[in-house]
2 protein chains.
Amino acid sequence: MSLKDEVHQLHAQLCNGLADPIRILILYSLSGGAKHVNELTEEVNVPQPTISRHLKILRERALVRSERKGQYIHYSLADERVIDALDLLRAVMADNFKKHGQLADEVARGSSSK
Amino acid sequence: MSLKDEVHQLHAQLCNGLADPIRILILYSLSGGAKHVNELTEEVNVPQPTISRHLKILRERALVRSERKGQYIHYSLADERVIDALDLLRAVMADNFKKHGQLADEVARGSSSK
DNA sequence: TGCACATATTCGCAAAAGCGAATATGTGCA
DNA sequence: TGCACATATTCGCTTTTGCGAATATGTGCA
């Protein structure tokens, strides 16, 4: 595989890190400030091992950073621009719905800029 | 599933549309102007049925638009902001590499702004 | 040290994705 | 109509992904 293709491969993997509803919820949650795993578990409302599995994926793609603080491990966004990218895509989606007259309001609400 | 979760599901599907190297190549190629399938086949250098399968996915996610022009079908970006989002993520990736001193140059080259 | 809590990993499995090869559909033109 | 070209779909298969349940690891404190 050429070096250039490797870059596209990595670019795709980064995008793949965003391609799951739970991970999107985690990222938006972290955009409101660093949190530890239990807080995320409550906010996203899925079992703790599931959160940890998704956090591992986000870590592997360098989308989040983790830092141990005593007993807890604090997770934070690695780069705020990831939220910008998500918001852009959400806006694209909202416009599509507007064109087809469905769900547009709910999409517009609940973004990171709530 | 709640309506809000449905939105996150759709958001994730949109991101999933970007989560493949071939589709990323297709989108960047289309950012240089509308093209028909054979042109994409040559540029991306994969078999034609493969391109068509990926185009179907991009269509389903409303990332591209298709318009028949006689014998050909012209594909174009549905929304330029998708490229903005991809570029943002590529920049995030480039910065990560810069921190780890790998591949950063190649990542910076070959973006949509070539 | 040993217990309580926070977080991560493993396992087994069911569901989904991606691919090559073959084939089908659609369109223009002789 | 029938042929040539452009594009889409189907099929069989292998690989990957995601999940729940159980379990392991790591940390602070009595």
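To find a chain, count down the sequence lines: A is the first, B the second, and so on, and within it residues start at 1.
Atom pair A/His36:NE2 and C/dT7:C1' shows a separation of 11 Å (rounding to whole Å applied). Rounded to an integer number of Å, the gap from CD1 of A/Ile51 to P of C/dA8 is 11 Å. Here D/dA8 presents its C1' atom at 17 Å from OH of B/Tyr72, a figure rounded to the nearest Å. To the nearest angstrom, P of D/dT17 lies 14 Å from CG of A/Leu58.
A distance-only check finds no donor-acceptor pair linking the side chain of A/Arg65 to the backbone of A/Leu77 [under 3.5 Å]. Between the side chain of B/Arg59 and the backbone N or O of B/His54 there is no donor-acceptor pair closer than 3.5 Å. Checked by atom type and distance alone, the side chain of A/Glu42 never pairs as donor or acceptor with a backbone atom of A/Glu39 at under 3.5 Å.
In this pair, B/Tyr28 and A/His8 present their aromatic rings tilted. The plane angle is within the 30 to 60° band.
Side-chain atoms of A/Gln48 and A/Thr41 include no donor-acceptor pair closer than 3.5 Å.
Looking at the side chain of A/Lys56, the nearest of the listed nucleotides D/dA8, C/dA8, C/dT9 is C/dT9.
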List the protein contact pattern of nucleotides 16-29 of chain C with one symbol per nucleotide (5' to 3'): B for base contact, S for sugar-phosphate-only contact, - for none; contact means a heavy-atom distance under 4.0 Å. --SBB-B---SSS-
Dot-bracket assigned to DNA chain D with the 3.5 Å Watson-Crick/G-U criterion, [ ] for crossing and | for other-strand pairs, is ||||||||||||||||||||||||||||||
